Number of protein chains: 2
Amino acid sequence: MLSSSSKYAVNAVLYLAVHSNDKNKIRAKEIAEAIKLPSPFLSKLLQSLSRENIISSSKGPTGGFYLTKQALNTPLIEVVNIIDGTSRLEDCVLGLKKCSSEQPCPVHYSVQPLKQKFRKELQENISVFAEKVKNGEAYLFV
Amino acid sequence: MLSSSSKYAVNAVLYLAVHSNDKNKIRAKEIAEAIKLPSPFLSKLLQSLSRENIISSSKGPTGGFYLTKQALNTPLIEVVNIIDGTSRLEDCVLGLKKCSSEQPCPVHYSVQPLKQKFRKELQENISVFAEKVKNGEAYLFV
DNA sequence: TAAATTTGGGACTTAATTGTCTTAATTTTT
DNA sequence: AAAAATTAAGACAATTAAGTCCCAAATTTA
């Protein structure tokens, strides 16, 4: 459904949403330890997100990654789109090039609505999911 | 969602469901050409399915792969389970080891019901999907 | 200004998936 | 019985995804 990379990225972004702000930046290493991930690999992912302005960063001591208030209003799915691209969630489940309602694959009508709902659920802003973690309704690790 | 391998396998099985029976076996090469797939690779997939008795095969001239009437009543998801295993469709979307309703990940309640529905849709028998192709309601290629 | 710390970028390595090839076993036809 | 056709099995190759490493650039602190 999602690649390992974008799973990591979503976790890391939600961690930042919960724990960081422009006054409180967090180093890649700290995030990696918190969500139990190889730190150099996570760094690459965070850099990709930073390059695309999903998250912010600053260098040097006291530097790190963080989310601005406005970044909290980004749909979570954008994280996935940047790391995985969109085709993974949009292409035909059976891999047919021209699957559509005009020329559906055999599972199209069973599955296509579910895929669409899935994307719609991830359209919710980062803040919505982060709130659940803050409330103790949801967890980021273990 | 599904690996390329299991997409191929599902396509091939549905092709067999539509075109084969115990009197009319189909060679791997013919299936590969029909659904536009590398034939040696498809052979491996068909062999895996045959070993697990999802499809039938016989060797020699006039040999090939086929589906018995009773095999048509197999849930389509079994094809996926054999090629991909079950974890791909069951594990937490964010990759958390212990994600559950007691300890949900932030997207659990948004996404878990959709995954369950997805599996349920694929529980339909092979014959159900094959009928759609026979009726011209669905297509297996291009 | 120099040292320390952190992100940025790219080359490199490793692992998993996808795809190919060769040979053996089985069955049919002649 | 021999030849031809097909699946079965497993080793091998290529591609993609995952993960590591090194050095440069920027920033802070002393």
Side-chain angles (χ1 to χ4, degrees), chain A residues 1-13 16 20 22-33 35-67 80 82-85 87-88 91 94-95, chain B residues 1-13 16 20 22-33 35-67 80 82-85 87-88 91 94-95:
Chain A
M1 231 152 187
L2 306 184
S3 70
S4 295
S5 294
S6 72
K7 289 176 190 174
Y8 296 164
V10 166
N11 265 274
V13 165
L16 285 175
S20 83
D22 52 358
K23 301 263 188 276
N24 188 20
K25 297 156 194 168
I26 307 186
R27 289 170 302 131
K29 201 178 173 191
E30 184 183 329
I31 305 172
E33 279 164 9
I35 63 182
K36 283 143 193 162
L37 230 68
S39 141
F41 189 53
L42 177 63
S43 293
K44 296 295 288 283
L45 297 173
L46 293 173
Q47 282 166 30
S48 300
L49 295 172
S50 168
R51 216 178 300 128
E52 303 285 337
N53 299 311
I54 300 287
I55 66 178
S56 308
S57 70
S58 71
K59 297 179 182 176
T62 78
F65 296 92
Y66 61 100
L67 257 71
V80 176
I82 282 168
I83 303 296
D84 281 352
S87 63
R88 192 172 184 125
D91 288 358
L94 294 188
Chain B
M1 227 151 189
L2 306 184
S3 71
S4 296
S5 294
S6 71
K7 289 176 191 176
Y8 297 165
V10 167
N11 265 274
V13 166
L16 285 174
S20 82
D22 52 359
K23 302 262 189 277
N24 187 21
K25 297 154 193 169
I26 306 187
R27 289 169 303 130
K29 201 179 172 189
E30 184 183 329
I31 305 171
E33 280 164 8
I35 63 182
K36 283 145 192 158
L37 230 69
S39 140
F41 189 54
L42 177 63
S43 293
K44 296 294 289 283
L45 298 174
L46 293 173
Q47 282 165 32
S48 300
L49 296 172
S50 167
R51 217 178 298 128
E52 302 285 337
N53 299 311
I54 300 287
I55 67 178
S56 308
S57 71
S58 71
K59 295 180 182 175
T62 78
F65 296 93
Y66 61 101
L67 257 71
V80 176
I82 282 167
I83 304 296
D84 282 349
S87 64
R88 191 172 184 123
D91 288 358
L94 294 189

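Quantities reported herein were computed from a predicted structural model and do not represent experimental measurements.
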Q: Measure the shortest side-chain to side-chain distance between A:D22 and A:S56 over non-hydrogen atoms and say whether it is less than 4.5 angstrom.
A: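 No, their side chains stay 4.5 Å or more apart.
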
Return the polar atom pairs (N/O with N/O) between nucleotides 1-3 of chain C and the protein under 3.5 Å, or none.
none

Rounded to whole Å, how long is the line connecting atom [atom1] of [X] with atom [atom2] of [N]?
| X | N | atom1 | atom2 | value |
| --- | --- | --- | --- | --- |
| A:L46 | C:dT7 | CG | P | 8 Å |
| A:I55 | C:dG8 | CD1 | P | 8 Å |
| A:E33 | C:dT6 | CD | C1' | 15 Å |
| A:I83 | D:dG19 | CD1 | C1' | 14 Å |
| A:L2 | D:dA17 | CG | C1' | 15 Å |
| A:R27 | C:dG8 | CZ | C1' | 17 Å |
| B:N53 | D:dA8 | CG | P | 11 Å |
| A:Q47 | C:dT7 | CD | P | 8 Å |

Q: Output yes when a side-chain donor or acceptor of A:R27 lies under 3.5 Å from a complementary backbone atom of A:G63, and no otherwise.
A: no

Between [atom1] on residue [X] and [atom2] on residue [Y], distance to nearest 0.5 Å:
| X | Y | atom1 | atom2 | value |
| --- | --- | --- | --- | --- |
| B:L42 | B:E33 | CG | CD | 11.0 Å |
| A:S57 | A:R51 | OG | CZ | 10.5 Å |
| B:F41 | B:S5 | CZ | OG | 3.5 Å |
| A:Q47 | A:I55 | CD | CD1 | 9.5 Å |

Can you find a side chain N or O atom of [X] that sits less than 4.0 Å from OP1 or OP2 on [N]?
| X | N | result |
| --- | --- | --- |
| B:S50 | D:dA8 | yes |
| B:R51 | D:dT7 | no |
| A:S57 | C:dG8 | yes |

Q: For each nucleotide in nucleotides 10-25 of chain C, reading 5' to 3', give B when a protein heavy atom comes within less than 4.0 Å of its base, S when such contact involves only the sugar-phosphate, and - otherwise.
A: BB------SBB-----

Q. What closest approach, in Å, do B:F65 and B:A28 show between heavy atoms, and which atom pair accounts for it?
A. CE1-CB, 3.9 Å

Q: Would you please test B:L37 and B:N11 for side-chain contact (heavy atoms from CB on, under 4.5 Å) and show each step?
A: CA-CA 10 Å; B:L37 230 69; B:N11 265 274; over 6 Å; no

Q) What residues form a side chain to side chain contact (heavy atoms under 4.5 Å, CB included) with B:I82, not counting sequence neighbours? A)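 Only B:L49, B:E52, B:I54 meet the side chain to side chain contact (heavy atoms under 4.5 Å, CB included) criterion with B:I82.
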
Q.
Please classify the nucleic acid contact of B:S58 as base, sugar-phosphate, or nothing, using heavy-atom distances under 4.0 Å.
A.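 Sugar-phosphate, backbone atoms only, no base.
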
Q.
Between B:T62 and A:I26, which residue's closest nucleotide on DNA chain C lies nearer the 5′ terminus?
A. A:I26

